[in-house]
Amino acid sequence: MNAMGGILQRLGMARLASMVLVSVLLLGFFGLLIFRATTPQMAPLYTGLSFEDSSAIVSSLQTSGIPHEIRGEGDTILVPRDQITTIRMNLASSGLPNSGQVGYEIFDSQSTLGATSFVQDVNLVRATEGELARTISSLARVSTARVHLVLPKRELFRRERADPSASITLGVRGTLSNTEVNAIQHLVSSAIQGMNPSNVSIIDNSGRLLAAGNGNGDESVAASDMDERVTAMENRLRARLEELLGNVVGAGRVRVQVSADLEFNRMTQSSETFDPEGQVVRSLQTRELSNSSNGANDGGAVTVGNELPGATANNSAGQGASDQSATTEETINYEISKSTQTQIIEAGAIKRLSVAVLVDGVYTTDANGASTYAPRTEEQMVQIGALVRSAMGFNAERGDQVEISNLQFAERPDIAAIGTEAAGLFDFTRDDLMSAAEMLVTLIISIALMLFVMRPLIKRVLEPEAPLPLTSDQTVDAQTTPEMAVAAAQAGLSADGPTGAPGSIGADLMGEAKSQGEAQSRTLNQVGGLIEEHPKQASVIVRDWLTEAA
């Protein structure tokens, strides 16, 4: 304890206070680092939640004891990053989030005992609307959805029936294409019996009309996606040609532009063709007629005798020569082959294609590293033209046009490609960059504390303290005491007594004692000043005196 007390007294209050302050700061800093390292990283669990869903999710997380944070206006909930998947699965088993929509679970929470048919019908409509809204909200570009259904009932003794319809309000991320809008229309119409996709109207959260729902059917759909079909065909043909030519001239050394003229008129053609060479006998009818007459003048008269039985036999001998004739008629019906053809030409047929191809030349590098441009040969251009015509399905009868030019590009494609590849080497996410920056700042602070705080403090504590040197006029023997000075003065008196006169000896002794007292007084004043200026060195000298006395 004495040694510890001596060390503390040797250090002094200033050093002790600085050491305690630095120790507290270091402990706080490293404690902050440990807390930061052990605290889980938070990531958004859900964003854009309604207040109902946010309240239900927070209650579920509190019940499970899962740490969480609420950001924004309560529409964003953050949880530990490594538990996001598990938490979402657990919430999904509880039906969260439900986006404020009531689905088929409405029938689980309500008792059907005593419920009227009207209440059941209303619950069915609410459940159908909620389920459709949830399905639409699951699309990538749709954040929120709200569905309203109109399901008319067929009244008794009435033949007419109104078609069901729907209206949808969407919260979108970006802009929905016509294909996505048509997909939502068909999704809703397929879920409702008897609904036509043209009876589904859609607007976005900014009030822009996406689908009119005017009931025009396929005609309105075909008119709405006319430009989209043209653009899709041009992009598909351009990508095909650039990929084909890029393998020949190099990636980025070819540019292709396609202009397509499509037929959007829907036509129906009917034709009937007869083939005279393909006749077939359908029916054959033959008719034979025979006639005979006698040569006598009265052979043709009608008498009573001729009408009697046996009159012909009796009179045959007396008759003269007779005339006989026969006629044959034949009727043949033929069936001629006939071909009837009905052709429906749908919209979207290609009327004409125009393709423009721009090809870069050839670059050669000499020994000094300088590149030289050279155009491509005529043979290469002819081969490229043949490839383009074959890939696009060139048809001269419909007026297709192809234009191929060989010009130097403003920028070399290989230089742009190299820059792109270099940028791809450092493809870090935002979380990686933030973690790296945090580690770098922590390392810099740690090094600064070790060099500028800990190192000087340890060096100053460990080095021994030397007493301050005194000047020549301030040098005082530490072992000289007033008693020693008095003894020396008495010795001087006894030595000079016999030789001097009494008066002169007394005067000399008094003068000498006076001068010694003044010198001693000056010495004590100087020692007191030194002690006041250097209390630590004085304490060391006193401690040494006490040690020697012991």
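Along the sequence shown, residues carry numbers from 1.
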What do you reckon, is CZ of R173 surrounded by more than 12 foreign heavy atoms closer than 6.0 Å?
yes
When you measure from the side chain of S259 to the backbone N and O of S354, does any donor-acceptor pair fall under 3.5 Å?
no
Crowded around E263 CD? As in, over 12 foreign heavy atoms under 6.0 Å?
yes
Taking every non-hydrogen atom, the tightest pair across F409 and V359
CE1-C, 4.2 Å
Would the distance check show the side chain of S390 and the main-chain N or O of L387 forming a donor-acceptor pair, the cut-off being under 3.5 Å?
no
Keeping N196 on the side-chain end and S198 on the backbone end, is there a donor-acceptor pair under 3.5 Å?
yes
Is the shortest heavy-atom distance from the side chain of Y363 to the side chain of Q408 under 4.5 Å?
yes
When you compare the side chain of Q285 with that of E329, does any pair of heavy atoms fall below 4.5 Å?
no
Step through the shown structure and confirm whether more than 12 heavy atoms of other residues, nucleotides or ligands are within 6.0 Å of CD on E330.
yes
List the atom of A391, the atom of L241, and the distance in Å for their closest heavy-atom pair.
CB-CD2, 3.5 Å
Any side-chain heavy atom of V249 within less than 4.5 Å of one from I384?
yes
E378 atom CD, over 12 foreign heavy atoms within 6.0 Å:
no
May I ask you to test the I336-K338 pair for a side-chain heavy-atom distance under 4.5 Å?
no
Closest heavy-atom pair and its distance - I84, A43
CD1-CB, 3.5 Å
Taking side chain as C-beta onward, heavy atoms only, is N199 less than 4.5 Å from P164?
no
Would you say the side chain of L151 lies within less than 4.5 Å of the side chain of T128, judging by non-hydrogen atoms?
no
Counting only heavy atoms from other residues, nucleotides and ligands, does the tally under 6.0 Å from CZ of F274 exceed 12?
yes
Should L132 and I168 count as side-chain neighbours, where that means a heavy-atom distance under 4.5 Å?
no
Ignoring hydrogens and geometry, is there a side-chain-to-backbone donor-acceptor pair from N406 to R376 under 3.5 Å?
yes
Value rounded to 0.5 Å, distance of CZ in R255 from CG in L245:
12.0 Å
D204 CG to L210 CG distance, which is reported to the nearest 0.5 Å
5.0 Å
On a heavy-atom basis, the closest approach of I66 and P80 is CG2-CD, 4.5 Å
Residue pair T340, S270: steps toward the side chain to side chain contact (heavy atoms under 4.5 Å, CB included) verdict:
CA-CA 7 Å; T340 303; S270 298; over 6 Å; no
Under 3.5 Å donor-acceptor, E129 side chain and L149 backbone
yes
Here the pair of heavy atoms bringing V200 nearest to Q185 is O-NE2, 2.8 Å
Measure the CZ-OG distance between R146 and S167 for me, rounded to the nearest 0.5 Å.
10.0 Å
With a 3.5 Å distance limit and no angle check, can you tell me whether R208 reaches the backbone of N205 through a side-chain donor-acceptor pair?
no
Which atom of G393 lies closest to which atom of D400, heavy atoms considered
O-OD2, 3.8 Å
At what distance, to the nearest 0.5 angstrom, does CD of Q269 lie from CD1 of I344?
10.5 Å
Thinking salt bridges, do R134 and E131 make one under a 4.0 Å N-O criterion?
yes
May I have the step-by-step check of side chain to side chain contact (heavy atoms under 4.5 Å, CB included) for V258 and M392, ending in yes or no?
CA-CA 10 Å; V258 179; M392 65 174 286; over 6 Å; no
Intermediate values then yes/no, side chain to side chain contact (heavy atoms under 4.5 Å, CB included), V172 and R141:
CA-CA 6 Å; V172 298; R141 292 181 178 270; 5.7 Å; no
For the CG atom of L176 and the CG atom of N178, what is their distance to the nearest 0.5 Å?
9.5 Å
If you count heavy atoms of other groups shown closer than 6.0 angstrom to CD of E403, is the number above 12?
no
Do R398 and I350 have side chains that get closer than 4.5 Å, going by heavy atoms?
yes
Output, in order, the C-alpha distance, side-chain angles, deciding distance and verdict of side chain to side chain contact (heavy atoms under 4.5 Å, CB included) for S60 and L91.
CA-CA 8 Å; S60 178; L91 293 176; 3.5 Å; yes
Does E379 have more than 12 heavy atoms from other residues, nucleotides or ligands lying within 6.0 Å of its CD?
no
Between atom OG1 of T76 and atom CD1 of I70, what is the distance when rounded to the nearest 0.5 Å?
10.0 Å
I'd like to know if the side chain of Q257 reaches the main chain of A356, judged simply by a donor and an acceptor atom lying under 3.5 Å from each other, with no hydrogens or angles considered.
no
